[in-house]
There are 2 protein chains.
Amino acid sequence: MGKRQDNRDEKRKLIVDSARRLMQARATSDFSMRTLADVAGVSSATPYSLFGSKQAVIAAVMDTDFDNFTSALSAKPVIGLDIFFHMVDITVELFAANPGYYKKGALAIQAASDKALASHFGLPRHGLLRDFVRDAIQRGDINHRINADSFALTLGHQFYGWIQAWANGDIKLDDLSNRAKYGMSMALAAAATADVRDALMVQLLNFQDALPEAGAMAAIQTTAAMTTSANKKTTTNLSNNNSVKEALG
Amino acid sequence: MGKRQDNRDEKRKLIVDSARRLMQARATSDFSMRTLADVAGVSSATPYSLFGSKQAVIAAVMDTDFDNFTSALSAKPVIGLDIFFHMVDITVELFAANPGYYKKGALAIQAASDKALASHFGLPRHGLLRDFVRDAIQRGDINHRINADSFALTLGHQFYGWIQAWANGDIKLDDLSNRAKYGMSMALAAAATADVRDALMVQLLNFQDALPEAGAMAAIQTTAAMTTSANKKTTTNLSNNNSVKEALG
DNA sequence: AGCCTTATTGAAACGCGTCTTAATTTAACT
DNA sequence: AGTTAAATTAAGACGCGTTTCAATAAGGCT
């Protein structure tokens with residue numbers, strides 16, 4: 001190990017912590033590497049030397065956050081297939097407690113040109129999901145001819161997509177919850193054994209009723225999309241880095 | 001209409017055409033507004049005056065492309081639920097014929113901070129999908145208690161997600177096809193009436209067999225993600241705008 | 001202790017998307 | 001035709017993520 005590595009690790013922690021505080025700071029959608037370096041009290045070249053990119057920094061922040069998820073998940077014992085819906089609930093709760101933070105995280109992951117980073121967000125969750133699917137197969141809730149890996153990937157992929165939609169501001173948190181559960185109950189209903197399929201279909205219809213009119217959403221987006229010209233000459237130059245820096249000391 | 005509007009429309013077409021050619025040009029991943037303006041022979045401010053943003057330009061390009069999709073789709077008559085898988089096939093064929101072009105398009109849409117733009121890619125397709133779902137419900141292939149809008153949205157959302165994964169370089173075109181069809185057959189199997197469910201489950205298992213090991217993919221991503229430091233000091237400064245401009249005249 | 005290697009710094013630079021501004025061209029109207 | 005309103009231009013600027021590079025600091029080693 002040696003002192004060299006220790007300092008490196010220390011500075012990594014410092015930067016990740018600063019990044020988290022910066023991401024959690026409200027009223028500012030900007031989170032630039034220059035302000036990060038400033039807040040962390042390091043040179044603007046250091047985060048690049050230690051992480052390589054902005055997305056890698058955010059990925060590191062999100063990594064440390066995975067513990068929150070698993071501990072919240074296991075806080076309450078859940079039986080049967082409900083664990084899948086429970087995962088959605090926990091996620092939504094975390095998002096609700098810190099929306100801006102998770103939005104920035106999700107958007108940064110989404111924008112990741114570096115493929116490896118997307119996995120930081122998805123991979124541990126995939127592992128969890130796959131284990132739950134395996135359990136369900138062993139219990140006999142899910143058809144044994146279903147491949148746990150592929151099924152978990154589809155489940156997680158779908159969930160992840162709705163998270164992105166939420167981070168983009170396309171849907172509300174409630175919709176994220178309902179759409180994710182709707183999709184999950186649909187996939188589960190297909191994969192489930194006959195015994196539990198009916199119950200899943202009932203749930204599916206419940207989630208469907210809770211969903212907003214897709215037509216309404218589409219209509220809103222259409223009219224917005226029709227304004228093809230540049231109508232936003234409103235000078236959105238309100239970003240004020242100094243206020244953030246000072247607030248974080 | 002008047003000449004003023006005519007000129008405006010003409011210049012819009014000019015820019016959209018130039019943008020398409022630029023996006024189709026291989027060997028260059030860069031497609032900057034400055035080169036676009038250069039190639040189109042207009043000032044770099046004009047695209048902004050006419051479209052508002054880079055994503056709006058790309059959205060306009062993709063808009064004109066939707067006709068390709070629908071005409072290719074209706075070229076061959078398809079019966080029953082196969083239309084959903086046919087949509088995947090057509091999409092994949094188009095993508096295969098012009099990968100770089102569609103990748104850039106999908107990535108630009110993905111990165112759209114302007115929410116309205118994402119709908120340019122998804123909305124017409126949603127309308128198509130919803131109509132197909134409605135047809136299937138009327139035929140009795142899909143349970144009449146399923147809401148066509150919500151179901152179509154889930155179907156399209158899932159497909160869209162795999163497209164993004166492909167555009168990001170996470171999966172190959174073949175996998176895009178199989179994963180999309182796997183997800184579709186899963187959703188359809190849940191929503192389908194009893195008569196067709198079994199056939200869908202058979203298809204589902206076929207697609208599942210065609211899928212690569214999710215574990216393998218995950219492993220690759222993990223090892224890549226482990227290289228947290230900046231290992232890519234390879235000076236990726238090979239972008240040469242001039243060559244593109246000259247190639248396009 | 002002194003030397004050597006490695007990490008960090010500061011500052012500048014690049015290319016990007018985008019916006020601004022003043023000047024110029026162009027269409028519309030009287 | 002001349003005036004007015006609008007679109008287009010050129011040029012520069014801003015902030016961003018990222019990279020480069022010489023100078024400096026700091027740990028490792030003998």
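Order of the sequence lines sets the chain letters (A, B, ...), proteins ahead of strands, with each chain counted from 1.
Using modelled atom types, one finds no donor on one side chain facing an acceptor on the other under 3.5 Å when comparing N168(A) with Q164(A).
Judged by closest nucleotide on DNA chain D, R34(A) is the one of A45(A) and R34(A) placed further toward the 5' end. The 5' end of DNA chain C is approached more closely, in terms of each residue's nearest nucleotide, by S43(A) than by the other of S44(B) and S43(A).
Here the P atom of nucleotide dA13(C) and the CE atom of M33(A) are 21 Å apart, to the nearest Å. Protein atom CG of D6(B) is 14 Å distant from nucleotide atom C1' of dA28(C), rounded to whole Å. As a whole-Å value, the separation of Q5(A) CD from dG28(D) C1' is 14 Å. Going from atom NZ of K11(B) over to atom P of dA6(D) covers 18 Å, rounded to whole Å. The nearest whole Å value for the distance from the CZ atom in F31(B) to the P atom in dG15(C) is 18 Å. When rounded to the nearest whole Å, the span between CZ of R12(B) and P of dT8(D) equals 10 Å. One atom, CG of L14(B), and another, P of dT8(D), lie 11 Å apart when rounded to the nearest Å. At whole-Å resolution of the value, CD in E10(B) and P in dA7(D) are 16 Å apart.
By the side-chain contact (heavy atoms from CB on, under 4.5 Å) test, A37(B) is found to be paired with V42(B), S44(B), residues two or more places apart in sequence or in another chain being considered. For L94(A), the side-chain contact (heavy atoms from CB on, under 4.5 Å) partners two or more places apart in sequence, or in a different chain, are F69(A), I90(A), Y102(A). Residues satisfying the side-chain hydrogen bond (donor to acceptor under 3.5 Å, both in side chains) test with T70(B), not counting sequence neighbours, are none. Residues passing the side-chain hydrogen bond (donor to acceptor under 3.5 Å, both in side chains) test with D89(A), sequence neighbours excluded: K181(A). Here H86(A) pairs with nothing under the ring-ring contact (aromatic ring centres under 6.0 Å, His included) rule; sequence neighbours left out.
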- Carefully, step by step, assess S150(B) and R179(A) under the rule side-chain hydrogen bond (donor to acceptor under 3.5 Å, both in side chains). CA-CA 9 Å; S150(B) 297; R179(A) 291 202 188 279; 4.8 Å; no
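Considering only side-chain atoms of Y48(A), the nucleotide from dG27(D), dT26(C), dG17(D) that sits closest is dG17(D).
Within the 4.0 Å cut-off from OP1 or OP2 of dA27(C), at least one side-chain nitrogen or oxygen of N7(B) is found.
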Could you pull out the protein-nucleic contacts involving nucleotides 4-7 of chain C (nitrogen or oxygen on both sides, under 3.5 Å)?
{"from": "dT6(C)", "atom 1": "O2", "to": "R4(A)", "atom 2": "NH2", "distance (Å)": "2.9"}

